[in-house]
Number of protein chains: 2
Amino acid sequence: MAPDPRHDEGEFLANYDPRDYDPVAVTVDVVALTIRDGALHVLLVRRGTAPYAGMWALPGGFVQAGGPLQGHDAEDLPAAAVRELAEETGLSAKGGALGRVHLEQLGTYGTPGRDPRMRVISVAYLAFAPELPDPEAGGDAADAAWVAVGALGLTEAAGQRPGTTRRLAFDHARILADGLERARAKLEYTPLATAFCGGEFTIPELRAVYEAVWGEELHAGNFHRKVLSVPGFVESTGATSDRGGRRGGPRPRLYRPGDARLLHPALLRPSREEEIR
Amino acid sequence: MAPDPRHDEGEFLANYDPRDYDPVAVTVDVVALTIRDGALHVLLVRRGTAPYAGMWALPGGFVQAGGPLQGHDAEDLPAAAVRELAEETGLSAKGGALGRVHLEQLGTYGTPGRDPRMRVISVAYLAFAPELPDPEAGGDAADAAWVAVGALGLTEAAGQRPGTTRRLAFDHARILADGLERARAKLEYTPLATAFCGGEFTIPELRAVYEAVWGEELHAGNFHRKVLSVPGFVESTGATSDRGGRRGGPRPRLYRPGDARLLHPALLRPSREEEIR
DNA sequence: TATGTTCTTCTCAGATCGAGATGAACTCAC
DNA sequence: GTGAGTTCATCTCGATCTGAGAAGAACATA
């Protein structure tokens, strides 16, 4: 059995000075999505400090590296994402409102010049949350709010659109666009839409999530059949909602998330003519 | 029209010292895949310097940050991936053997302690290449070779398997496993399999790519029908291969990649019973 | 009570799928 | 050269899945 190489390099480590290299900073940014009033919303903060002070941006900040010894204050990347989300929005992390959010890595953005201060590599995370309370600004944020994605005037290709209603700091418009596309794709073949609902939900509520994220209406009957036919997508609670639809209709049945991690068969978006290309 | 915030922060930048923060290093690692002798291979290098000297690892190295001014020597992340690939393997970058490779970001790995020297954030890239010549070691690499993925004794869950034939340095076994799963998934709904072939290929050659990556045999007749029925997947050259199969059979027709970026309908893997879970 | 809305299930034609069969083209052994 | 075995390309067939619409029951509102 080979010795653990980490105990075999004392001399090397003693002569090693990380400051010999050009400095690089690592940040995390979070694209947090939720459904409010039937529309897709993203969590934004207004920057209180330079650069881009006063502009809206994705919540995020520097990762605590923990120094060369990588001690107890060195934090993992997902932990940094949750911490920034909690700090800048006042949403409590563990057990609280942030307890049930789904978090996954979206991608890493490191083009030189994307931050005027220095070379910054930003690891973006994507969060799916059920309806959360209004955030309270904290940390470096001067303000924080859920903003309807449709109100941002983003087109799918809009990285830097001049006529946009509200431009975002850094390259956050591009990160947000990538996050939205990832969310739309993930709804097709994973049961992640249930992460937008609470613990129990109805099929029409689930359909509303798909319609909000995809931005198009779905055939109610076919959607119902499809969801129930995918094994492990949802499981019945046996109970019935206490109210019908807002404008009438019978009381829908209640379901909770099943144990499937992938949908088989998948729920494909109806209009995908761009992809034939 | 708002002023560009980057010209509005001279005072801030003058007082800003990046070295006030704990140092972090950013590296790129590349999972380069190709098909050799009908089997999936990954490009590995043997490390010539500590840590993990003598062990096999994914090709990769530090990103050139370019200092606080982010001058001309600051390189983008994909450029760093291509440079490391060229340096450590002797494969020429532009126009040469690396000219036709498909490169995409795989994910970022930053768990504290994954590198004993300091806090290292590694951005992993995934490369698909047609059959390339044998690499020549260079840079920090003592050796470089295409290694059959099957010979690594990886199971899909193997992050740190003791009984593995050849253990990889750092957390590269996990990165490789993630890359393999990404490759398998991407063959389903993108025409990326054509990136493993040269400029022209036959349907049976394309089928061999799918079988090598997925590790299972496919129904030749159904595969043929499926590929030709997906719009934009392949387009006929009108020509015919000059040789039939190795053990007989008619000469197959030649095709080249089409202009589709997504496959509709998708080619789904036959055996996916894990995913029902 | 009447009207409109919504949930849930059903029907039906068209598309797609897996599995197998077929005939022609080609290599190799004899 | 002949025959046996292999492979490409296409076709068939029943089972499954899909989109579009219809229908009945349950519910809100006027």
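Numbered from 1 within each chain, the chains take letters A, B, ... in sequence-line order.
- Of the candidate nucleotides dA19(C), dT7(D), dC8(D), dT7(D) has the atom lying nearest to any side-chain atom of Arg247(B).
- Between Arg174(B) and Asp178(B) there is a salt bridge, since at least one side-chain N of the basic residue sits less than 4.0 Å from a carboxylate O of the acidic one.
- Each of Gly221(A) and Arg253(B) has a nearest nucleotide on DNA chain D; the 5'-most of these lies closest to Arg253(B).
- Across dC17(C), dG19(D), dC8(D), the shortest atom-to-atom separation from the side chain of Arg225(B) is found for dC17(C).
- For Arg251(B), counting side-chain heavy atoms from C-beta on, the closest listed nucleotide (dT8(C), dC26(C), dA20(D)) is dC26(C).
- If you measure from atom CG of Leu218(A) to atom P of dT18(D), you get 14 Å, rounded to the nearest angstrom.
- Other residues, nucleotides and ligands contribute more than 12 heavy atoms inside 6.0 Å of the CD atom of Glu216(A).
- One interatomic measurement links the two molecules: CD of Glu211(A) to C1' of dT6(C), which rounds to 13 Å at whole-angstrom precision.
- Ion pairing between a basic and an acidic side chain is recognised when a charged N comes within 4.0 Å of a carboxylate O; Glu181(A) and Arg269(A) show such pairing.
- Atom pair Glu217(B):CD and dA19(C):P shows a separation of 13 Å (rounding to whole Å applied).
- If you check dC8(D), dT16(C), dG20(C) against the side chain of Lys226(B), the one that comes closest is dT16(C).
- Remark: Leu267(A) CG to Lys226(A) NZ distance equals 4.5 Å, nearest 0.5 Å.
- Taking atom CG of Leu268(A) as the reference point, atom P of dA15(C) lies 17 Å away to the nearest angstrom.
- Remark: C1' of dT16(C) and NE2 of His264(A) are 14 Å apart, rounded to the nearest angstrom.
- Each of Asn222(B) and Leu228(A) was assigned the nucleotide of DNA chain C with the nearest heavy atom; the assignment lying further toward the 5' end belongs to Leu228(A).
- In this structure, Asp242(A) atom CG and dA28(D) atom C1' are separated by 14 Å, rounded to whole Å.
- Nearest nucleotide to the His224(B) side chain, out of dT6(C), dA9(D), dT12(D): dA9(D).
- At a cut-off of 3.5 Å, with distance as the only test, no side-chain donor of Ser241(B) or Thr202(B) sits close to an acceptor on the other residue.
- The side chain of Pro204(A) approaches dT8(C) more closely than any other nucleotide in the set dC8(D), dT8(C), dG19(D).
- Closest contact between the side chain of Pro265(B) and the listed nucleotides dC17(C), dC27(D), dC7(C) involves dC17(C).
- If you take CZ of Arg207(B) and P of dT10(D), they are 14 Å apart, rounded to a whole angstrom.
- Out of dG20(C), dA25(D), dC8(D), the shortest distance to the side chain of Pro250(A) is found at dA25(D).
- Distance, Glu216(B) CD to dA19(C) C1': 16 Å, rounded to whole Å.
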